[in-house]
Amino acid sequence: MDEKVQLISFFFSFLFGFLFFFCTCFHYLICKKYPLLFQYFITFLYILDVVLLYVLLLYRINDGVVHIYFLFVLCLGFVLASILQKNVKLKRKLSRFIEKILR
């Protein structure tokens with residue numbers, strides 16, 4: 001794998017960490033009103049879909065090569081999105097938006 005593809009993979013993994021964080025917040029807000037067993041089932045399907053989407057998109061970028069440092073960058077994006085979300089108070093705005101949609 002050449003350097004250009006590797007840098008694109010790093011950038012994609014970082015952005016996917018952000019996307020994963022916001023989708024997880026959205027999933028939590030929707031899923032918390034259902035019974036516990038249903039929550040476990042839906043969460044399992046959600047995680048399975050996210051992992052398959054990540055691998056599929058990496059397959060399109062770099063022929064599906066997944067290195068451990070791509071996963072570290074993905075986790076870094078997730079953690080950074082969490083820190084930024086706490087500072088920007090985006091969760092409150094997101095929850096209000098979702099509550100308006102669900103009504």
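As a basis for the values below, the full set of heavy atoms in this structure was taken, side chains included, without hydrogen atoms, waters or symmetry mates. Here the structure is a predicted model, which is why all the values come from computation and not from measurement. One is the number of the first residue; the rest follow in order along the sequence.
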Can you measure from [atom1] ([X]) to [atom2] ([Y]) and round to the nearest 0.5 angstrom?
X: Cys25; Y: Ile30; atom1: SG; atom2: CD1; result: 11.5 Å
X: Ser9; Y: Asn62; atom1: OG; atom2: CG; result: 3.5 Å
X: Phe72; Y: His67; atom1: CZ; atom2: NE2; result: 13.0 Å
X: Leu71; Y: Leu76; atom1: CG; atom2: CG; result: 12.5 Å

query = Tell me the side chain to side chain donor-acceptor pair (under 3.5 Å) pairs involving residues 37-60, sequence neighbours left out?
reply = Ser13-Tyr54, Thr24-Tyr46, His27-Thr43

remark   = Which of Phe18, Phe16, Phe20 passes ring pair (Phe, Tyr, Trp, His ring centres under 6.0 Å) with Phe78? It is Phe20

key: hydrophobic_cluster_shared for Leu56 and Ile47, side chain cutoff 4.5 Å   = no

key: Single-linkage hydrophobic cluster Ile68~Val51, side-chain heavy atoms < 4.5 angstrom   = yes

message = So for atom CZ, which belongs to Phe14, do other residues, nucleotides or ligands contribute more than 12 heavy atoms lying within a distance under 6.0 Å?
response = yes

query = Does atom CG of Leu37 have more than 12 heavy-atom neighbours from other groups under 6.0 Å away?
reply = no

remark   = Using a 4.5 Å side-chain heavy-atom cut-off and chaining through intermediate ILVMFWY residues, the residues clustered with Leu15 come out as Phe11

task = Identify the heavy atoms of Phe22 and Ala81 that sit nearest to each other, and give their distance.
result = CE1-CB, 4.5 Å

ask   = Which heavy-atom pair separates Leu58 from Val65 by the least distance, and what is that distance?
value = CD1-O, 4.1 Å

Non-neighbouring partners of Phe41 that pass side chain to side chain contact (heavy atoms under 4.5 Å, CB included), sequence neighbours left out = Leu45

key: Phe12 ring center within less than 6.0 Å of Phe70 ring center   = no

